[in-house]
Structure formats: structure tokens, C-alpha cells
**Q** 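Have a look at this one before I ask anything.
Below, chain A is the first sequence line, B the second, and so on; all start at residue 1. Quick caveat: nothing in here was measured; it's all calculated off a predicted structure.
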2 protein chains.
Amino acid sequence: MAPSKKDLCFRDLRNRILQLDLAPGADLDETSFSTHYGLSRTPLREVFQKLAGEGYLSIEPNRGAVVAAMDLYTMRRFFQTAPIIYAAVARLAAEQAIPAQIKALKDAQTHFMSARAASDNAALALWNHRFHEIIGEMATNPYLLPSLRRLLIDHTRMSHIFYRAKTAEDSIRVLRAAQQHDEMIEAFATHNAELAVELTLDHWALSRGEIEKYVWPDPLPETYMQPFSGDSQ
Amino acid sequence: MAPSKKDLCFRDLRNRILQLDLAPGADLDETSFSTHYGLSRTPLREVFQKLAGEGYLSIEPNRGAVVAAMDLYTMRRFFQTAPIIYAAVARLAAEQAIPAQIKALKDAQTHFMSARAASDNAALALWNHRFHEIIGEMATNPYLLPSLRRLLIDHTRMSHIFYRAKTAEDSIRVLRAAQQHDEMIEAFATHNAELAVELTLDHWALSRGEIEKYVWPDPLPETYMQPFSGDSQ
DNA sequence: TGTATACTTCATGTATACAAAATGGGTAGT
DNA sequence: ACTACCCATTTTGTATACATGAAGTATACA
């Protein structure tokens, strides 16, 4: 029942991709990774195939595996698609939720809070990921789940950037997200589908705002601009 | 540039699954399939992994690959999810469509019509599948595409049953579907998103009706019931 | 100097041999 | 007759050797 070396390899690679430790577009050498994880190339290639199947990697014939790209084009689609799928999944999850899943959700939330307390931003992003993955599992919809999983991959990779809360304002946003998680758990537990959808969209709006804040930050104060102005060059 | 043995194997297995030649739940022996396709087990296993990644198979560790199941539970989800995804994809496809894709769509439709003329029901189902897959590609949304692909797998597997048009009524339905395809092509070509969505939902309604007709057929005439009535047993 | 081409090198793809796990059948015990 | 357990057989999993194909480098030629 202990997880095999192959499973460990799979999970580690997945986490490293989610944490941007393996950057989008990075190409993965079979030989070096196989020696690193103590596997031969055959099972390692199978791990790559599985990761590719879930959208973490893409494999080009005769050219090996590369971490799934995150270009501007993809991000446009992300913002367009995420709220639709998140809302649809939330509705189903609220309708379907069983006690064991609510418990799993609470556990994930506990870990999320611990990571927040410890300012462990990598764990924070990963437990947030897990939290939303469980919601996907609650929906028990084999057609929507692969879409949700792909959205979560990119969502986590983006959020990883701003979960390194630096300012007090960032820290408040994370707290707000945590509160929303608790409210969502309650909505799922009481099978309140309408509320679950509403909270999910609120949660999305917060996260989207964080990302936008990162991409289009407030302009720097005038004084900071001084060194770059002038007529050098 | 010629397709490799591995590609041929992949495509053949995919088609066989879509045509129910490989039944849902059937388990696939690695050795026999590898000899059948003239591959060794290593590349065959990679084909299996890829098929599993796209939802055609599921692989259980130490227990091999089985064709994706189609139970009642899954079908319920299918009817629940298909119209949402189909509509969303149709909208995006209409917005995004480029001439080359419209041409690909017309080609698929030509093949569809040929299959209809030849009463080649296997080809009919497969070209219908391809037609809708192209629409998915037109949407160029990497998040929705995996959901759409999974829906199409099961949709094609179901439709395969009733594309063996027996009655004149069946034949008229197929003709109607073909007409809808033409109307949809026009809507995509003119970037008419609203119309594309409307036509897509009509198309879905027709298909859904066909499936329901198959699952809940008209009751047999009274006279047919006679042999089964009575007090035997 | 620029370009084309052959060669070297390295990474990916495939086959095969071996290891480990699961299945099925038979036997012993209750 | 039923159940539990062990062994034989089959099937899946892993390692390694070899084949194939891509990328980069050096050399010859224009």
C-alpha cells in the first residue's frame, strides 16, 4: 500500500510544475530525471505520458517532454473559461456532496490555514489547489473534471506568484480567500447550490483581482521614475 | 512523414473503441495487441497511456487497460453536461473560425455525406465524430477541449448504435442531421455566434431524441405481446 | 566570408530479458 | 459441501541494450 517510486516521482514532478520550480516550456531530459528519481527510463517515460495526459506536460515525438506552456494566448482563454467551469462544478458539487468529501475539504482547509500561519507559500498554493480539486471530485462529473483540472494547473501556477504575500494587503487577501473557503464548505455541506455558485464566483473575482493586480501593478511613485528619465542613450 | 506503426495502432484502437468493436469495459491484453500491431510491448503500452489520457481507456495499476466504461451513471452526467459544453464550444468556434478550418469542416461533411450515400454506418459515425472534433479545434480553447473530446467519445459510442439506420424514419433523421451540419458550417463561416449556438442546441436535441428513442422505444403492438403474456412460470 | 554537407554526438524510440504481482486451480482441512 | 491456503500460470512492471533520428560542429567548396 506504500506509494511506489513511480507514484512519488509523479507527485513530485506534478508539485514542482505547480510551484513553477519547473518553468513553463522547460524541457525535461529523460536520462537525468530517471537517474534523479532512481527509475529506469521506461517507467519514467510512463510518468511523463501520464502527466501529459493530465495537461502538465506536452510531448512532441522525437523531441521529448516539455512543461506545459503559459503564454498570453492561453491566459486569455483561462480568464474566459474559468468562471464558467468553476460555477458549473460548484453547482454539481453542492448537489452531490457526501459527508466524507466535506471532511476531506475541511482537512484541506486546515492544512491551508497551517500553511498560512507558517507563511509557507508553496504549501499554501498546493493546498489551495487540493481544496479546489476536491470540489471537482465532489461533482463526480467525468466530463467536466479534465477541464477543471487543466484550469487548476494554470490557476495554481499563476497564484504561486502572488501567494508570496509580501505586503499587508496581500496578507489580507489570503485571509479573505480562507474565509471564503469556509463559507463554501458550509454551502456544500447544506447542499445549497445557488449559494455555492455565488460564493465560487466571489472567490474567483478575488483571485482574478489578485492576478490582475500582479500583471498591471499600481504605477511606481514619481520619485522612482527619476533615474529612468532623462536623455541618456 | 508517413504515419508510424505506433500512430496507426493508436488510430485503429481509437476507431475500434468509437465503433464499439472494443466494448466498454473490455480489458486489453498487452501481449496479444502488441503482436497484432507488430509492436513490442513498450511502445504499445505508450499507446495505451495516451489513449487513457484522452479518456478512451482507463488503466489500473497491475491490472492493465480496460475500455472506458459507459454505465448508467456516466450517461446521466453525459446528458447533463453535453449541451453546456457543446454550446460554449460552438460560440467560441464561431468567433474564432478561420477559413482553413471551415474548409476542413466542409471536407468532413463531404465524407459524412458519402458515408450516408453508401450506408456505411461505421464511417458515418466516425465522420460525424470528426466533424464535431473540428468544431472543438476551431474554439482553440485548451481548457474546454478535453471535456468536449470526452463527451464526443461517448456520444459517438452511443450514436453508433442508432446510426445503423434501419427504418425510413431513422434515415430521415440522419438526413436532417446532415442539413444541420450545413447550416452550422454557414454560421461558423459568417461568425454568427448566436446562430451557431442555436443550431448546435437543435442538433443536440435531435441527437438526444434519437438516443432516447433507442433507449425507450415505442411499445410493441398488442399482438406482439401475446406470446409473452399468459401464466407460464 | 558564407553556405552546404558529411560526420559526430546525444537524446529519444524500440525490443527483449527478467522481476513482481495477480489470477486460477487444486488440495487439504474444517 | 464449503472455505482457506498454496502453488502454477499468466500478465503486468522494470531494467538494459540496441536502433533510430535530431542537433550541432567541422570541413570543403563557392
**Q** What does B:Ile59 touch in the nucleic acid at a heavy-atom separation under 4.0 angstrom: a base, only the sugar-phosphate, or nothing?
**A**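 Nothing, no heavy atom under 4.0 Å.
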**Q** Does any part of the side chain of B:Asn141, heavy atoms only, come nearer than 4.5 Å to the side chain of B:Leu148, both counted from C-beta?
**A**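 The answer is no, as the side chains (C-beta and beyond) never meet within the 4.5 Å cut-off.
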**Q** In whole angstroms, how far is the C1' atom of D:dG13 from the CZ atom of A:Arg45?
**A**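 Roughly 16 Å, once rounded to whole Å.
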**Q** Ring centroids only, cut at 6.0 angstrom: are A:His155 and A:Tyr86 within range, meaning strictly under it?
**A**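 Aromatic pair counts; centres sit under 6.0 Å.
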**Q** Do A:Arg14's NZ or CZ and the ring of A:Phe10 fall within the cation-pi criteria of under 6.0 Å and 45°?
**A**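 Judged by the rule, A:Arg14 and A:Phe10 form no cation-pi pair.
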**Q** Could you pick out which residue, A:Ser40 or A:Asn62, lies toward the 5' side of DNA chain D when each is mapped onto its nearest nucleotide?
**A**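 In this pair, the answer is A:Ser40.
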**Q** What is the separation between atom CD on B:Glu60 and atom P on D:dG13, rounded to the nearest whole Å?
**A**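 The distance from CD of B:Glu60 to P of D:dG13 comes to 11 Å, rounded to the nearest Å.
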**Q** How long is the line joining CD of A:Glu30 and C1' of D:dT16, in whole Å?
**A**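 In whole Å, D:dT16 C1' lies 14 Å from A:Glu30 CD.
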**Q** May I have the distance from B:Glu46 (atom CD) to D:dT14 (atom C1'), rounded to whole angstrom?
**A**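 Whole-Å distance recorded here is 13 Å.
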**Q** Separation of B:Asp27 atom CG from C:dA22 atom P, in whole Å?
**A**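 Computing the B:Asp27:CG to C:dA22:P distance gives 15 Å.
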**Q** With heavy atoms under 4.0 Å as the rule, sort B:Arg41 into base, sugar-phosphate or nothing.
**A**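 Base, at least one base atom sits under 4.0 Å.
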**Q** Check whether more than 12 heavy atoms from other residues, nucleotides or ligands sit under 6.0 Å from atom NZ of A:Lys106, and answer yes or no.
**A**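 Counting neighbours around NZ of A:Lys106, 12 or fewer heavy atoms of other residues, nucleotides or ligands fall under 6.0 Å, so no.
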**Q** Using a heavy-atom cut-off of 4.0 Å across all strands, would you classify B:Leu28 as base, sugar-phosphate, or nothing?
**A**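 Contact class for B:Leu28: sugar-phosphate only.
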**Q** Find the distance A:Asp29:CG to C:dG13:C1' and express it as a whole number of Å.
**A**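 The answer, rounded to whole Å, is 14 Å.
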**Q** Across all strands shown, which nucleotide pairs with D:dA30 by Watson-Crick or G-U wobble geometry, both distances under 3.5 Å?
**A**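 Across all strands, the one nucleotide that pairs with D:dA30 is C:dT1.
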**Q** Mapping A:Gly64 and B:Thr42 to their closest nucleotides on DNA chain C, which lands nearer the 5' end?
**A**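 Closer to the 5' end of DNA chain C: A:Gly64.
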**Q** Look at the side chain of A:Leu39 and decide which nucleotide, out of D:dG13, D:dA15, C:dG13, has an atom nearest to it.
**A**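 It is D:dA15.
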**Q** It should be established whether A:Arg63 places a side-chain nitrogen or oxygen under 4.0 Å from OP1 or OP2 of nucleotide D:dA22.
**A**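 Answer no for this pair, as no side-chain N or O of A:Arg63 is under 4.0 Å from OP1 or OP2.
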**Q** Check A:Asp107 with A:Lys103, please: is the shortest side-chain N to carboxylate O separation under 4.0 Å?
**A**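 Between A:Asp107 and A:Lys103 there is a salt bridge, with a charged N closer than 4.0 Å to a carboxylate O.
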**Q** Looking at B:Lys6, does any N or O in its side chain come under 4.0 Å of the phosphate oxygens OP1/OP2 on C:dG13?
**A**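 For C:dG13, OP1/OP2 do not have a side-chain N/O of B:Lys6 under 4.0 Å.
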**Q** Roughly how many Å is it from CG in A:Leu57 to C1' in C:dT12, rounded to a whole number?
**A**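 In whole Å, C:dT12 C1' lies 15 Å from A:Leu57 CG.
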**Q** May I have the distance from B:Phe48 (atom CZ) to D:dT11 (atom P), rounded to whole angstrom?
**A**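 Going from B:Phe48 (CZ) to D:dT11 (P), I get 13 Å.
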